[in-house]
Amino acid sequence: MGKIRYNKIQTNGFSFRLVKNKVFFCFVIFMSMIAISPVVFIIIKLIIKGIRQINLNFFIDVAPNTLEAMTAIANGEIIPGGIANGITGSILMVLLASVMAIPVGILTGIYLSENQDKIFANIIRNISEILQGVPSIVLGILSYLWIVINITKGFSAFAGSVSLSIMMLPLIIKSTEETLKMIPSTIKEAALSLGVPYHKVIFKVLLPTGLGGLLTGILLAISRVLGETAPLMITALGSSVINFDITKPTSAVPLLIWEFYNDPNLLDLVWSSSLFLMGFVLMLNIIVKRIANKWVYG
Amino acid sequence: NDFSQSGKEENKKVTITAAGATFPMPFYNMVFKNYTKSTGILLTYGGIGSGGGIRSLKDKIVDFGATDAFLSDEKIKSMPAEIVHIPTCLGAVVIAYNLPDVKGIKLTNDLLEGIFMGKITKWNDEKIKANNPDINFPDKDITVVHRSDGSGTTYIFSDFMSKVSDVWKTEVGKGKSLKWPCGIGAKGNPGVAGTIKQTPGTIGYIGSEYAFAQKIPVALLQNIAGNYIEPNVESISAAAKTDIPDDTRVMLTNSADPEAYPISGFTWIILYKDQDYDGRSKNQAMETVKFLDWLISKDAQDVTKKVHYSPLPETTVEKAKQILRTVNYGGEKLL
Amino acid sequence: MNGEKITKVVLFVSSLLILFLAAGMVYTLLNGAIPAFNKFGWNFIFSSEWNPTEGKEEYGALSFIVGTLLTSILALLLCIPMSFSASLFLGEYYKNTKIANILGSMVDLLAGIPSIVYGLWGFYVIKPLIVDLGFNEQGFGIFTSALILSIMIIPYATSLSSEIIKMVPNELKEAAYSLGATQGEVIFNVIIPTARSGIVASYILAFGRALGETMAVTMLIGNANIIPKGLFDTGNTMASVIANQFGEAEGLKLSSLIAIGLLLFLITGIVNSIGKLIINKLS
Amino acid sequence: MEMNKAIIDIKNPVLTIKDLSVSYEKGKYAVKDVSAGIKKNSITAIMGPSGCGKSTLLRAINRMHELYPSIQTLGKIYLGNEDISAIPSIKLRQNIGMVFQRPNPFPTMSIYDNVIAGYKLNGTRIKKSKKDEIVEKSLCDVVLWDEVKDSLHKRGTFLSGGQQQRLCVARTLAFQPEIILMDEPTSALDPIATAKIEDLLVELKKKYTIILVTHNMTQAARISDLSMFMYLGELMEYGITKSLFTNPVNKKTEEYLTGKFG
Amino acid sequence: MEMNKAIIDIKNPVLTIKDLSVSYEKGKYAVKDVSAGIKKNSITAIMGPSGCGKSTLLRAINRMHELYPSIQTLGKIYLGNEDISAIPSIKLRQNIGMVFQRPNPFPTMSIYDNVIAGYKLNGTRIKKSKKDEIVEKSLCDVVLWDEVKDSLHKRGTFLSGGQQQRLCVARTLAFQPEIILMDEPTSALDPIATAKIEDLLVELKKKYTIILVTHNMTQAARISDLSMFMYLGELMEYGITKSLFTNPVNKKTEEYLTGKFG
Ligand SMILES: Nc1ncnc2c1ncn2[C@@H]1O[C@H](COP(=O)(O)OP(=O)(O)OP(=O)(O)O)[C@@H](O)[C@H]1O
Ligand SMILES: Nc1ncnc2c1ncn2[C@@H]1O[C@H](COP(=O)(O)OP(=O)(O)OP(=O)(O)O)[C@@H](O)[C@H]1O
Ligand SMILES: [Mg+2]
Ligand SMILES: [Mg+2]
């Protein structure tokens with residue numbers, strides 16, 4: 001019955017190694033917690049500071065001006081008015097951007113997934129990836145030079161939505177291509193073997209099958225652009241009234257936040273509108289996750 | 001509320017777009033809203049700075065621009081067509097600061113130069129203490145806050161500084177945007193005000209209303225007569241007690257009037273004399289001019305005091321009316 | 001047959017549109033930037049003089065380029081320990097567990113917070129903290145904005161690198177364990193070397209994000225058009241100077257701002273391409 | 001290496017393959033010079049080791065290779081007397097249905113819609129009563145009607161694997177094609193489901209001609225009338241199933257059937 | 001179903017397994033109540049049909065299951081007299097080396113570094129000369145030295161499969177463990193590489209105790225001294241290899257050895 005023959009060289013100092021291992025583990029946990037803590041802090045801060053302002057008026061009134069806010073503060077009331085002009089503006093511009101970006105994005109995505117290895121497709125794919133990294137402020141400049149100066153001859157919702165739609169495009173292209181690539185080719189071949197022409201296979205079989213994925217991509221793109229401020233500052237400008245004319249300056253929720261931030265009288269509104277914006281964006285993200293878990297093929 | 005009212009008006013089609021100075025924005029916001037309420041005409045105003053107002057008019061993307069710095073003859077020539085200046089009110093650029101529990105700092109022109117040139121860097125600097133013997137200054141860095149965008153407010157301020165300081169005149173000069181020797185930048189009058197309000201130790205120049213509305217303390221400045229003057233409706237009006245040229249293009253800084261606040265000035269709206277450009281409708285032109293006519297009327301001018309601006313002197317209103325009458329639509333009279 | 005052709009054409013045309021869009025972007029930026037480059041030549045990139053005073057106009061982008069690189073690099077450095085830890089948490093320590101799911105969702109939430117809200121939070125929460133800690137007097141500056149930026153890019157670096165860490169085969173890890181390694185030793189000697197290029201790529205992509213971030217930086221950096229003298233000094237970035245001055249710029253200044261936009265476009269394009277290249281090589 | 005190939009001659013073939021070669025990459029042929037006739041109303045099994053070109057041959061028959069431009073096809077195939085390359089592919093594929101290895105009902109469609117998918121996807125307008133009729137008939141043909149008649153509007157993907165595969169057959173039958181191609185249609189199914197499909201095939205050959213790729217030798221022996229044996233892309237032996245199994249002419253065939261390789 | 005188990009008793013076992021049960025999911029045991037002793041300086045083969053728990057048993061011996069919190073292990077294992085759960089796992093695993101089914105050299109390390117990976121991983125500082133010595137000795141032991149001595153600083157992944165597997169054995173030998181666990185170490189290798197590894201094992205048992213999981217019955221018969229036969233997680237039979245192969249006591253063992261299943 002042999003005693004265990006421990007090795008001579010390496011076995012000493014193992015407790016130090018165990019301690020090192022533990023310390024590193026604790027470091028990882030600690031830093032991970034630090035990494036996510038801003039989410040918690042930001043949400044708590046927004047709720048504490050902003051919830052007071054959120055009521056019906058907040059959604060149906062336009063933004064107040066400094067004087068109205070001042071009077072209210074002096075009387076100890078809550079600031080009157082809301083962000084209706086921002087909400088309608090955001091909706092208007094995001095809708096418009098979607099109308100432009102979704103068809104082109106999906107069609108290009110289809111083209112890429114159907115022509116995987118073509119040189120042209122590769123070029124487009126690379127361009128789309130580069131587009132995805134272009135800072136939004138640069139898109140603002142471009143939309144200003146294209147739309148504000150030449151087309152609408154003035155700051156406009158349309159100019160704002162053009163910059164947003166360029167932001168959305170690569171996201172939609174990518175998600176469309178990825179979704180379609182994931183659909184097994186036998187589904188496609190099954191339809192073809194029924195004598196269905198190719199373009200009908202794409203639109204009637206592949207797109208419906210990948211609907212969940214497409215929707216996820218679109219919603220994600222929308223949630224990305226909803227919070228954009230910089231490009232809108234130099235294209236849509238902002239407006240103190242509700243405006244549905246796409247050739248006219250228009251407000252948006254993030255633009256209002258910027259205005260409120262700059263005007264300490266309206267500070268209370270900055271929190272509530274940020275709370276609203278973030279709540280909305282996060283809700284979209286949650287919906288996306290739901291769809292992704294349930295609907296996406298495979 | 002606005003929603004239902006604007007829907008009923010038959011004039012709802014006309015939207016007037018304007019952009020420019022943030023200095024008079026509190027006044028504009030208020031009167032614009034009133035005008036929309038009573039006429040249904042939508043007015044949007046973007047506070048993008050005086051420089052932005054001029055460029056927007058040049059690019060013909062607004063119905064009128066707003067600026068606190070009048071255009072030089074040269075600048076006027078560089079515009080695509082003849083433009084006119086309409087003064088809308090008088091305002092003051094105040095020196096606002098954030099020092100907890102310190103009120104009523106008195107500043108001389110030398111001190112202003114020292115602070116804004118970055119030579120005086122501490123609040124408890126001997127020179128400041130000597131001028132304000134009653135005040136107990138903390139040992140704190142002075143952080144100058146200036147505009148990061150182009151601005152008529154900056155123009156008025158630097159116009160004043162250039163008049164009173166030779167060093168400033170040669171090293172910095174006057175203009176809507178400058179190469180600042182020190183300090184941090186913030187966007188628009190609101191941005192500067194917000195930064196000052198939130199950051200102890202700061203000092204900066206802003207349109208008076210931004211300081212009063214937010215109860216930010218302002219410094220008393222020494223005018224030519226040697227009096228320390230607080231910016232208010234009277235002291236601002238006093239600055240305009242001088243000869244105003246017919247085209248109203250004049251700077252009122254460093255006024256000789258003993259009661260005048262030294263950094264005061266007009267703020268203007270600029271528009272094309274001939275409103276028939278770029279396919280604008282006559283209706284659009286008419287409504288624009290009508291609105292401006294209302295803006296210099298007593299109705300609108302009365303509002304100025306509520307937001308700590310001063311109304312235009314009677315004589316200036318007359319001159320403004322004269323100018324407005326020259327605005328036409330392809331030769332046709334609009335007023 | 002006809003429908004088939006039409007479909008093919010439509011798909012092709014929409015892709016062509018992307019090409020035109022990109023070409024148009026480059027053309028417009030170049031075109032707009034030409035007056036500035038004509039006037040200042042290489043000095044536009046190598047001079048830090050930004051003087052908009054009428055009559056003395058002179059524009060050089062160096063201080064913004066430096067500010068951009070400084071904030072982004074600092075943000076990246078600050079981000080690495082956090083996102084590296086989080087990706088080990090997600091990809092190794094708690095791989096495929098519920099708690100990792102929760103942490104992962106929180107990290108995703110970080111990506112969902114709009115830039116301007118980060119700026120707001122930075123202004124009202126982080127900036128006073130910086131002042132209280134005595135780093136500098138007013139709280140604005142390179143460090144403050146880099147700190148916020150680092151939080152903003154955590155999700156981009158984390159989600160990709162945790163996926164790559166997850167992909168390190170179990171058999172390699174087990175081989176190391178069977179030689180008596182601790183988990184920490186396995187991470188440093190097996191997981192990180194194996195996943196290295198993917199992790200590097202994810203940081204490059206995160207860096208690309210930081211370069212173009214605008215609002216949060218604008219609200220915190222101090223907007224002083226000078227080369228910062230230290231990490232706690234104020235400065236300005238390329239994106240932020242555009243946001244600040246584009247609204248009122250004209251003539252040479254406008255052209256200079258467009259030129260800065262072009263530079264920013266090129267820098268982010270190159271950085272992102274490098275990142276994607278590494279990723280594509282991996283798969 | 002020249003081998004003694006034994007290829008039976010079919011009279012009045014419904015389909016004639018003539019010197020067919022298919023290559024995925026230049027110079028490498030997955031199917032080489034295959035010629036054969038297919039007998040009407042019979043089940044023809046295609047056997048051979050993995051990678052020998054069975055699927056490739058089958059897919060050439062309904063011109064499925066055309067989707068992938070890099071694939072090159074030489075030789076001719078005749079449906080009756082007509083060259084299939086002269087028939088519009090849409091029409092051809094309705095005449096030559098196909099069932100795949102793994103059941104692949106359209107995931108977004110109901111059972112009902114899956115059966116008439118061919119009409120629906122083509123946008124052919126037919127009356128509701130006509131549709132009902134087709135659905136019932138096709139599902140009856142594949143002996144699925146009783147199992148699903150109460151859930152026609154549920155998703156097809158909720159069915160079991162065997163039911164899904166029968167649904168896929170029904171989808172093909174809805175057009176009443178002449179020929180049905182099947183590529184290992186039972187390899188993803190359990191023995192019970194497999195037996196049902198085999199019974200079905202035997203039933204279907206009364207009306208249709210079936211070409212069946214299978215790995216399962218006993219299946220080929222059980223249900224096919226004629227069998228092909230392929231090896232390295234070539235058709236080695238083609239004959240009456242019984243005689244091919246009991247008395248193979250080609251040496252490779254024999255080795256394969258006795259389990260020497262495969 | 002009660003079966004007649006036949007389990008040999010080993011005197012002075014170097015390793016003793018006592019009532020070992022392992023479950024991946026609650027209530028389902030992949031290894032059930034296994035007890036056995038392992039003889040020093042011998043090769044013990046573990047056989048059994050796929051999924052019977054061979055790998056699971058093997059991995060329990062160096063506590064590899066601990067890496068996956070959901071796996072539950074009951075029972076005890078003794079190394080000599082010491083309960084292995086009382087030995088720090090990092091120490092235990094250096095004493096009980098492991099070689100895996102697929103060769104898995106560390107892809108980022110050179111051949112040289114792969115051999116001394118054990119030292120490198122845990123940061124042990126040893127002199128260069130000592131390192132060289134270990135590397136040469138271990139590579140000689142696995143008969144790889146002559147083949148790689150000129151490319152010690154190339155990546156280990158450039159070697160052939162068989163060479164890689166020998167490298168993995170060398171890596172394990174570098175610590176001079178008492179016991180070496182091997183999970184089908186030759187199943188990914190060609191016959192020539194397999195023969196080399198088998199020769200190596202016979203050579204190694206002079207110094208080490210080897211426990212070998214294998215699917216290959218002839219391999220077990222060729223090189224092992226003792227054999228275990230497992231079935232559905234239970235140890236059915238354990239005895240001298242020769243007598244187990246020629247005269248199995250347990251009926252399942254017999255069926256398995258005669259190819260009735262597996
Ligand atoms: N899409 C493809 N691209 C390139 N080569 C292919 C492709 N599909 C098949 N091949 C090759 O063509 C040859 C024949 O393939 P095929 O699929 O026809 O064989 P099979 O007899 O159906 O095999 P299995 O029984 O495995 O299904 C094989 O060598 C295969 O590797
Ligand atoms: N990680 C795991 N999670 C869940 N179940 C597992 C896991 N690994 C193995 N099993 C199950 O445990 C049982 C025993 O598996 P084990 O790998 O030990 O079998 P084996 O005898 O090694 O088989 P093979 O010869 O195929 O390698 C099997 O039923 C298997 O499905
Ligand atoms: Mg096949
Ligand atoms: Mg196993």
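Here the structure is a predicted model, which means the values were calculated and not measured. For the numbers below, each heavy atom of this structure counts, side chains included, while hydrogens, waters and symmetry mates do not.
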Practice prompt. For C:Met82 and A:Ile36, run side-chain contact (heavy atoms from CB on, under 4.5 Å): C-alpha distance rounded to whole Å, both residues' side-chain angles, the deciding distance at 0.1 Å, then the answer.
Written response: CA-CA 9 Å; C:Met82 293 187 276; A:Ile36 55 164; over 6 Å; no

Worksheet item: More than 12 heavy atoms of other residues, nucleotides or ligands under 6.0 Å from NZ of C:Lys8: is that the case?
Response: no

Worksheet item: With only heavy atoms counted, which part of A:Leu169 is less than 4.5 Å from chain C, the side chain, the backbone, both or neither?
Response: side chain

Worksheet item: Taking every heavy-atom pair that is under 4.5 Å apart, which of A:Ile124, A:Ile29, A:Ile130, A:Ile34 has the most such pairs with chain C?
Response: A:Ile124

Worksheet, complete the sentence: Between C:Val117 and A:Ser274 the two heavy atoms that sit nearest each other are CG2-CB, 3.9 Å

Worksheet, complete the sentence: Ranked by heavy-atom pairs below 4.5 Å to chain A, first place among C:Asp108, C:Asn272, C:Ile270, C:Thr28 goes to C:Thr28

Worksheet item: With a 4.5 angstrom heavy-atom cut-off, which part of A:Ile106 approaches chain C: side chain, backbone, both or neither?
Response: neither

Worksheet, complete the sentence: Interatomic distance, CZ@A:Phe24 vs OG1@C:Thr182, rounded to 0.5 Å, equals 10.0 Å

Worksheet, complete the sentence: Okay, C:Val125 and chain A: the region with an atom under 4.5 Å from a heavy atom over there is side chain

Discussion item. Would you say that more than 12 heavy atoms from the other residues, nucleotides or ligands in this model lie under 6.0 Å from the NZ of A:Lys181, or not?
Written reply: yes

Practice prompt. Heavy-atom distances under 4.5 Å only: say whether A:Val104 touches chain C with side chain, backbone, both or neither.
Written response: both

Worksheet entry | Residues of residues 42-49 of chain A contacting chain C, heavy-atom criterion under 4.5 Å, by residue number | A:Ile42, A:Lys45, A:Leu46

Item to complete: Pick whichever of A:Asn285, A:Val281, A:Ile137 has the most heavy-atom pairs under 4.5 Å with chain C.
Response: A:Ile137

Discussion item. Classify the ring geometry of C:Tyr124 against A:Tyr261: parallel below 30°, tilted from 30° to 60°, perpendicular beyond 60°.
Written reply: perpendicular

Worksheet item: In terms of heavy-atom proximity below 4.5 Å to chain C, should A:Lys289 be classed as side chain, backbone, both, or neither?
Response: side chain

Worksheet item: Is it the case that more than 12 heavy atoms not belonging to A:Phe25 sit under 6.0 Å from its CZ atom?
Response: yes

Fill in: Part of A:Leu267 lying under 4.5 Å from any heavy atom of chain C
side chain

Response to the item:
One should read off an interatomic distance between A:Leu107 CG and C:Ile18 CD1, to the nearest 0.5 angstrom, of 10.0 Å

Fill in: Side chain, backbone, both or neither of A:Gln132 within contact of chain C (heavy atoms, under 4.5 Å)
both

Discussion item. Counting only non-hydrogen atoms closer than 4.5 Å, does C:Leu17 touch chain A with its backbone (N, CA, C, O), its side chain (CB onward), both, or neither?
Written reply: side chain

Worksheet item: With respect to chain C, which residue among A:Ile141, A:Asn262, A:Ile110, A:Val134 yields the maximal number of heavy-atom pairs within a distance under 4.5 Å?
Response: A:Ile141

Item to complete: Under 4.5 Å, counting heavy-atom pairs only, tell me which of C:Leu29, C:Leu90, C:Ile187 racks up the most with chain A.
Response: C:Leu29

Practice prompt. Give me the contact list for residues 146-162 of chain C versus chain A, heavy atoms only, anything under 4.5 Å, ordered by residue number.
Written response: C:Ile151, C:Ile154, C:Tyr156

Fill in: Interface moiety of A:Ile257 toward chain C, non-hydrogen atoms closer than 4.5 Å
both

Worksheet entry | Over all atoms of both residues, closest heavy-atom pair of C:Thr268 and A:Pro135 | OG1-CD, 3.5 Å

Worksheet item: Checking heavy atoms, do the side chain of C:Ala210, its backbone, both or neither come under 4.5 Å from chain A?
Response: neither

Practice prompt. Among the options A:Phe120, A:Phe155, A:Phe27, pick out the one with the most heavy-atom pairs lying under 4.5 Å from chain C.
Written response: A:Phe120

Worksheet item: Side chains of C:Leu11 and A:Asn115: does their closest heavy-atom pair fall under 4.5 Å?
Response: no

Worksheet item: Where on A:Val138 is there a heavy atom nearer than 4.5 Å to chain C: the side chain, the backbone, both, or neither?
Response: side chain

Item to complete: Report the distance from atom CD of C:Glu4 to atom NZ of A:Lys200, rounding to the nearest 0.5 Å.
Response: 10.0 Å

Practice prompt. Select, from C:Leu205, C:Leu21, C:Val107, C:Leu88, the one with the greatest count of heavy-atom pairs under 4.5 Å involving chain A.
Written response: C:Leu21

Worksheet item: In terms of heavy-atom pairs under 4.5 Å, which option from C:Gly184, C:Ser14, C:Pro114 contacts chain A the most?
Response: C:Ser14

Worksheet entry | Flag if over 12 foreign heavy atoms under 6.0 Å of OH, C:Tyr27 | no

Worksheet entry | Residues C:Met25, A:Leu131; criterion side-chain contact (heavy atoms from CB on, under 4.5 Å); working and verdict | CA-CA 10 Å; C:Met25 287 166 71; A:Leu131 278 188; 3.5 Å; yes

Discussion item. Checking an interface table here. Which of residues 273-280 of chain C come within a heavy-atom distance under 4.5 Å of chain A?
Written reply: C:Ser273, C:Lys276, C:Asn280

Worksheet entry | Proximal component of C:Tyr93, with respect to chain A [non-hydrogen, under 4.5 Å] | side chain

Practice prompt. Report, by ascending residue number, the residues of residues 212-220 of chain C in heavy-atom contact with chain A at a distance under 4.5 Å; give 'none' if the set is empty.
Written response: C:Gly212, C:Thr214, C:Met215, C:Thr218, C:Met219

Worksheet entry | A:Leu139, part contacting chain C, at a heavy-atom distance under 4.5 Å | side chain

Discussion item. Among A:Ile127, A:Leu237, A:Leu226, which residue has the highest count of heavy-atom pairs closer than 4.5 Å to chain C?
Written reply: A:Ile127

Practice prompt. Determine the option with the most heavy-atom pairs under 4.5 angstrom with chain A, choosing from C:Gly112, C:Cys79, C:Ser87.
Written response: C:Gly112

Item to complete: Would you mind checking which part of A:Leu112 comes under 4.5 Å of any heavy atom in chain C, side chain (CB onward), backbone (N, CA, C, O), both or neither?
Response: neither

Worksheet item: Relative to chain A, which segment of C:Phe12 carries a heavy atom at a distance below 4.5 Å: side chain, backbone, both, or neither?
Response: both

Worksheet item: Out of curiosity, A:Met233 CE to C:Asn244 CG, how far, rounded to the nearest 0.5 Å?
Response: 7.0 Å

Worksheet entry | Considering all heavy atoms, the nearest A:Met31-C:Pro81 contact | CE-CB, 3.6 Å

Worksheet item: What distance do A:Trp258 atom CH2 and C:Leu120 atom CG have between them, rounded to the nearest 0.5 Å?
Response: 10.5 Å

Discussion item. Using 30° and 60° as the class boundaries, would you call the ring planes of A:Tyr144 and C:Phe246 parallel, tilted or perpendicular?
Written reply: perpendicular

Worksheet item: Which bit of A:Leu275 comes within less than 4.5 Å of chain C, counting heavy atoms only: side chain, backbone, both or neither?
Response: neither

Discussion item. Given heavy-atom pairs under 4.5 angstrom as the criterion, report whether the side chain, backbone, both or neither of C:Leu257 touches chain A.
Written reply: backbone

Worksheet item: Distance from A:Glu228 atom CD to C:Ser115 atom OG, nearest 0.5 Å?
Response: 7.0 Å

Worksheet entry | Segment of A:Leu277 engaging chain C (4.5 angstrom heavy-atom cut-off) | side chain

Response to the item:
Ranking C:Ala22, C:Ala243, C:Ala111 by heavy-atom pairs under 4.5 Å to chain A gives rank one to C:Ala243

Fill in: Per-residue contact mode, A:Val40 against chain C (heavy atom under 4.5 angstrom)
side chain

